[in-house]
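Chain naming here is simple, since letters A, B, ... match the order of the sequence lines and numbering starts at 1 in each. All values reported here derive from a predicted model rather than from experimental measurement.
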There are 2 protein chains.
Amino acid sequence: MTCHTAPVNTAARRPARNRPAPTLEEVAARAGVSRATASRVLRGDQKVSERAREVVLAAAQEISYVPNLAARTLVTGRSESVAFLVEESEERMFADPFFLGMLRSAQEAVATAGQQLVFTVMNRPEDQERFLAYAAGGHVDGVLLLSLHGRDQLPQRLESLGVPTVLSGRPLSGGRRLWYVDADNVGGGELATRHLLDSGRAHVATVTGPLDMCAGQDRLAGYRAAVEAAGRPYDEGLVSVGDFTAAGGHAATVRLLDERPDVDAIFAASDLAAFGVVRALRESGRSVGDDVAVIGFDDVPAAADQQPPLSTVKQPIAALGTAMTRLLLDRIEGRPGLTRRTILPVELVLRETA
Amino acid sequence: MTCHTAPVNTAARRPARNRPAPTLEEVAARAGVSRATASRVLRGDQKVSERAREVVLAAAQEISYVPNLAARTLVTGRSESVAFLVEESEERMFADPFFLGMLRSAQEAVATAGQQLVFTVMNRPEDQERFLAYAAGGHVDGVLLLSLHGRDQLPQRLESLGVPTVLSGRPLSGGRRLWYVDADNVGGGELATRHLLDSGRAHVATVTGPLDMCAGQDRLAGYRAAVEAAGRPYDEGLVSVGDFTAAGGHAATVRLLDERPDVDAIFAASDLAAFGVVRALRESGRSVGDDVAVIGFDDVPAAADQQPPLSTVKQPIAALGTAMTRLLLDRIEGRPGLTRRTILPVELVLRETA
DNA sequence: CCCGGTTGTGAGAGCGCTCTCACGAGCGGT
DNA sequence: ACCGCTCGTGAGAGCGCTCTCACAACCGGG
């Protein structure tokens, strides 16, 4: 025990455990006004006299009054908090800087708006019902949903229960009715592939993301578009399916190299995948950048720290998180004139691998 | 637009926006029972006939009834959710694998208990009042508090408002009354330092953590204890103050090397700091492991991936997060026989830097 | 046939707050 | 003196749920 011992507790106002919390009623009584007036003061309502304001504030202070949020939520229908839901395993969520970046910017944006973030990661499908009950139960005013796979109907179900939902990434299904914020995945895929093509690479392959996600599909579509725009045939043998993870990128590359040892450039659909690609390339004795050029996608912080530094398509992660949060908050407030889809531009960051 | 277009929305039960959500009253009416009975069924209460159960469940299903959580919270006084609060900047929170690991295990433990996690990171002190109002307002049943600095009275204030709080790390003040879960920091510091001493190092220095945190103080205390146990004088010139970050560790090492170029071993109070130490050592032309041995603290995942792999004191991060969450949940439930402090053991992991 | 005991159910009283509405006080213009 | 204002205030009705309590229905044992 090296720490100094505690000074006397400064503010043991309500020492007794389980003493019932003071209510607005008590504040009002103490201040000699009605509950209504006390409420008005505490909420910062305009129509109160200066005298009432002072006396109520003093009374509230004296008894350490804190308004009961459940009661307030019950009547107003607003909880002043939103959910941040990632449909991945904890493992993946915490290993992926993209999710972490989104969580960070969402948390910042929500806090700036004076609200709270309820953070949930859902691995098992049976959790979905529980989450649905939670969200529709009014403990959050809306949902930020990340990593939607396949034809999952969760966003539709949330919306139909009256819970505003904003997705990160265009959904595979229901895109017309749902709200989402996304990066220009097709454009990014094109950008990266075109660069590889233009720098004289003969066999430009791609390690894709999961194809049950739009981001995976779109980046592949961008790759294809660039290949065809260059007047080359789209060769399925140069497409190896990964899953956005390093392990997936590694495995996909091993398979690819096995079939097509002549590959001299790889566009990986995520930085994490690119890390796996680089490792597999090295293990096969190829030099990264020289023998085989590599471009990733995302521009996670670790990309710049790699040896050699990874060239990549920079996704505006913070802007994406902020935009989705703002959009959700605006929807909750009922702001008019909002658009369902927001696409943010990406840019090519050339470092040493391409 | 490469994605397939949406199939018809499967379950557009409640299409109209802002249609008032169905209430228990409606379920009861539809089922031909009282609100009380409907409530019993929906909560899974024992005392209901099979017939009542069926009919209520069917009615609820038909109208997509979801219980209003605010109303439930108002009467039960339980929100079934806890807050996870980190008193750091977003920058630090998201750069530190320790916090991320704690968040992950807390989220897992909370989800396992069927509850929700409200995630907050507080940079500015003025946020404290807002958080206090939020927590004491009953939107969470308790608080998990990380990275308490100095004599911050937040935990005391939370407790005095009736909000059970569990800290990660022993608080500098108020330790007798507060609840916390911690790793054996003193023991870990001793372990690392003794190993350095025993392997024949002549000038064993330490790069500390912030000394306004118990973890920083305790690891330093462990260092000192080991030095003195070895019969050597405690030399303040070998102590350089850092702050648990890589930048801090780097700066502290530069200062240290400047004063004491003869140093041949460094115990860094965190892995992040150790990364900074290693970089500074390299920049000074020294070889890590040979010229200067280094041991970190935490065993974050990146430690094993370093070149060379970092020796470190392994802190059971997941166990720490789980333990703190369980403790909080048990306190909320009012389980008897709980102890205020839990200290988890650490272990020395020798890799290549020492 | 009556009685204490169980069992399922419903009536009704809140939980602590917000919000609508009506009202009295104070004002200046006719 | 009257009217029509605005302005601050209080009474009271809920928000949707849980929980206590009383009660009716039914049980088997004396």
Check: Using a cut-off of less than 4.0 Å, is there contact between a side-chain N or O of B:Thr37 and OP1 or OP2 of C:dT9?
Finding: no

Angle separating the five-pair end axes of the helix from C:dC1-D:dG30 to C:dG28-D:dC3, nearest 10°, is 50°

By salt bridge (Lys or Arg N to Asp or Glu O under 4.0 Å), A:Arg124 pairs with (sequence neighbours left out) A:Asp127

Across all chains, not counting sequence neighbours, the salt bridge (Lys or Arg N to Asp or Glu O under 4.0 Å) partners of B:Arg40 are none

Atom pairs under 3.5 Å, N or O on each side, protein against nucleotides 16-21 of chain D: can you list them with distances?
from, atom 1, to, atom 2, distance (Å)
D:dC17, OP1, B:Tyr65, OH, 2.3
D:dC17, OP1, B:Asn68, N, 3.1
D:dC17, OP2, B:Leu24, N, 2.3
D:dC17, N4, B:Arg35, NH2, 3.1
D:dT18, OP1, B:Arg72, NE, 2.8
D:dT18, OP1, B:Arg72, NH2, 3.1
D:dT18, OP2, B:Ser39, OG, 2.6
D:dT18, O4, B:Arg35, NH2, 3.0
D:dC19, OP2, B:Arg43, NH1, 3.1

Applied to residues 44-61 of chain B, the salt bridge (Lys or Arg N to Asp or Glu O under 4.0 Å) test, sequence neighbours excluded, yields none

side-chain contact (heavy atoms from CB on, under 4.5 Å) filter on A:Ala59, not counting sequence neighbours, yields A:Val27, A:Arg30, A:Ala31

Salt bridge (Lys or Arg N to Asp or Glu O under 4.0 Å) filter on A:Glu26, not counting sequence neighbours, yields none

Tightest non-hydrogen contact, residues B:Val140 and B:Ala83, listed as CG1-N, 3.8 Å

Exercise for review: Return no unless some side-chain N or O of B:Ser49 is found under 4.0 Å from OP1 or OP2 of C:dT7.
Suggested key: no

Here the side-chain hydrogen bond (donor to acceptor under 3.5 Å, both in side chains) pairs for residues 318-327 of chain B, sequence neighbours left out, are B:Arg326-B:Asp330

Residues 69-79 of chain A vs salt bridge (Lys or Arg N to Asp or Glu O under 4.0 Å), sequence neighbours excluded, gives none

So the ring-ring contact (aromatic ring centres under 6.0 Å, His included) pairs with at least one residue in residues 128-153 of chain A (sequence neighbours excluded) are A:Tyr134-A:His139, A:His139-B:His139

Separation of D:dT9 atom C1' from A:Arg51 atom CZ, nearest Å, is 11 Å

Taken in chain and number order and not counting sequence neighbours, the residues that satisfy salt bridge (Lys or Arg N to Asp or Glu O under 4.0 Å) with B:Arg104 are A:Glu91, B:Glu108

Atom pairs, N/O to N/O, protein against nucleotides 23-25 of chain D, distance under 3.5 Å?
none

